[in-house]
Asks: 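Provided herewith is a single structure, encoded as structure tokens, for subsequent inquiry.
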Amino acid sequence: MPDKIIEIRNLHKWFGRIHALDDVNLDVETGEVLVIIGPSGSGKSTLLRCVNHLEKPSSGHLYIDGVDLEAKDTDINEVRTEIGMVFQQFNLFPHMTALQNITLAQRIVRKRSGEEAERVGRELLERVGIPEKADSYPGQLSGGQQQRVAIARALAMNPKIMLFDEPTSALDPEMIKEVLDVMLDLAQTGITMLVVTHEMGFARAAARRMVFMDEGKIIEETTPELLFTAPKHERTKLFLSKILEH
Amino acid sequence: MPDPRPSGVSAGSPAGAAHAPRQRRWFLRFDRGWLLFIGALVLLALLVFAVGEKYAVKIPIPALGITIQFGDPYGRIIQFLFDGILTTLKLTIISFLLILVVGVFGGLGRVSHNRFISTIAWLYVEIVRGIPVLVWLLWIWFALPQLIQGAGRVLVQACEGSSAGWVQAITCPLGETVSGIKLQPIPAAVLGFTFAYGAYMTEIFRAGIQSIAKGQMEAARSLGMTNIQAMRYIILPQAVRVILPPVSNEFVTLLKDSSLVSILAVSDLTRRGREFVARTFLSFDTFTMVALCYLILTLFFTRVSTEIERRAAVEKR
């Protein structure tokens, strides 16, 4: 039986009076690809950001590989080295080249040597399909290329979990495929992935499980086929009808 | 992809990317700012060397076949002011370096997650900015020494009044040193400027740090970097480019405000001017020269900072 690499128990998150996460309980198994969908404001991004503690839960517990994120003696920076995150806005470091973006954290956090970090970096750039852009600055790259560098940057830390927060939502349509291809490729490697997205094609192809969230709660949790063909709840049906139309 | 630039200067020149940029770069370098600076220098030179009822000093240079005439009174004035100019420059530069240090730490303190640190930083800024720089200088020159003397007295009394060995070990040597502190004019001025301007520099750094998008910090932290690593490698390098304009502006402001130390018995440019007037009553000529000297200095440093800003902006690409 595969281990549960993420365990979320009774998670609540308030932003002032807004109840962003309402008693969320979720387990993610090692190597699983989980896709989270839902309308905007449903709390899916918040949930993702709680996993690597970019948002601090108001109450409840999160266990990453058995480690309680809320415990006082947990070193959050150590936990974060095992979790890679890809952002909607890419968030590449503009004053560094693509390769430098990828090697920085390797050197100062994982304490790898310069040569090793560069080797890993070039390998990953090759893997995401843009080895020639190693010495380019983010400002010189297209959105799709920037996001691929961002994925490489996160992968360079050899994390156990990869989080994707709407990775293609800020991209022009013609560049979405190149990023999704990288993500699909990644899904085959057996790494645990948590993806918040609207790209249903990707979900169908890669997800083992899907979660539908609305108003801070998990409404439904099942396989992609079952979710698309036979959703149980009204709200799920309503949401799917809106986005699957076109 | 290079974007087509409006070519007002090179209109009509033959097709050739080689011509247009060179012309433009030369034009920009030698813009009206530099022309004004050179104009002021020329004016100064004319006044000093060519104007005056009688020529105080004539220095013949046979090799060149000319005679340099040191004009009167402007020649005399500039000779007297020269030390003041050096003092002003030294004072400004040393203070500014210290102010930068205060600014960095103050700015980081203002954005710190530690409630205690950020409150102290906030208090510093609010209180110091609420009092005019001149008043701060006066306070540090007149009030602070008395405070120090008082503290020294308290320590000495504690030292003499106590019989406990450990108390004496602390208070006696401390009391002696504190009582012996005598604030000299220039250190007092540097201290005053560092303290007062540090608050403004703190705010400049704070704004610069906060102007860097939140996503940058999030990306850094999500890679496992500590707050300090994120600041050092990601936030501050980017913030520096943002704050270069206001920081260089502060330097020029400090250069002008350094004239305030003339009331503290520091022989800067302004004070030298006043001393000369007190002796010779040549108020028009003297203060015109003082003004011209300040203008030349500020024009020069403004040009330098514009250049720095331009280079920093270009590098970012």
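Lettering of chains follows the sequences in order, A, B, ..., and the numbering in each one begins at 1. Below, all heavy atoms of this structure are taken into account, side chains as well, without hydrogens, waters or symmetry copies.
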Asks: How far apart are the closest heavy atoms of B/Ile234 and A/Met96, and which atoms are they?
Replies: CD1-CE, 4.3 Å
Asks: Please report the shortest heavy-atom distance between A/Arg153 and B/Ala219, naming the atom on each side.
Replies: NH2-CB, 3.6 Å
Asks: How about CD1 on B/Ile228, more than 12 heavy atoms from neighbouring residues, nucleotides or ligands closer than 6.0 Å, or not?
Replies: no
Asks: Is there a donor-acceptor contact under 3.5 Å linking the side chains of B/Arg221 and A/Asn52?
Replies: no
Asks: What part of A/Phe93 gets within 4.5 angstrom of chain B, counting heavy atoms only: side chain, backbone, both, or neither?
Replies: both
Asks: Mind ranking A/Ile76, A/Val109, A/Asp75 by heavy-atom pairs under 4.5 Å with chain B and telling me who comes out on top?
Replies: A/Val109
Asks: Calculate, to the nearest 0.5 Å, the distance between atoms OG and NE2 belonging to B/Ser222 and A/His53 respectively.
Replies: 14.0 Å
Asks: So for A/Arg49, is it side chain, backbone, both, or neither that comes closer than 4.5 Å to the heavy atoms of chain B?
Replies: side chain
Asks: By a 4.5 Å heavy-atom criterion (distance strictly below it), what part of A/Leu92 contacts chain B: side chain, backbone, both, or neither?
Replies: backbone
Asks: I'd like to know if the side chain of A/His95 and the backbone of B/Tyr233 have a donor-acceptor N/O pair within less than 3.5 Å.
Replies: yes
Asks: Is atom CD1 of A/Ile18 surrounded by more than 12 heavy atoms (other residues, nucleotides or ligands) closer than 6.0 Å?
Replies: no
Asks: For the CZ atom on B/Arg232, are there more than 12 heavy atoms of other groups (residues, nucleotides or ligands in this structure) within a distance under 6.0 Å?
Replies: no
Asks: Can you name the residues of residues 296-305 of chain B that have some heavy atom under 4.5 Å away from a heavy atom in chain A?
Replies: none
Asks: Please walk me through it: do B/Met225 and A/Asn77 pass side-chain contact (heavy atoms from CB on, under 4.5 Å)?
Replies: CA-CA 6 Å; B/Met225 287 192 224; A/Asn77 297 314; over 6 Å; no
Asks: Just checking B/Phe105: does its CZ atom have more than 12 heavy atoms from other residues, nucleotides or ligands closer to it than 6.0 angstrom?
Replies: no
Asks: Does any heavy atom of chain A fall under 4.5 Å from the side chain of B/Ala220, the backbone, both, or neither of them?
Replies: both
Asks: Can you check whether A/Pro94 reaches B/Gln216 side chain to side chain, under 4.5 Å on heavy atoms?
Replies: yes
Asks: I need the A/Ile83 CD1 to B/Leu223 CG distance, nearest 0.5 Å.
Replies: 12.0 Å
Asks: Closer than 3.5 angstrom, by distance alone: can the side chain of B/Glu218 be matched with the main-chain N or O of A/Asn91 as a donor-acceptor pair?
Replies: no
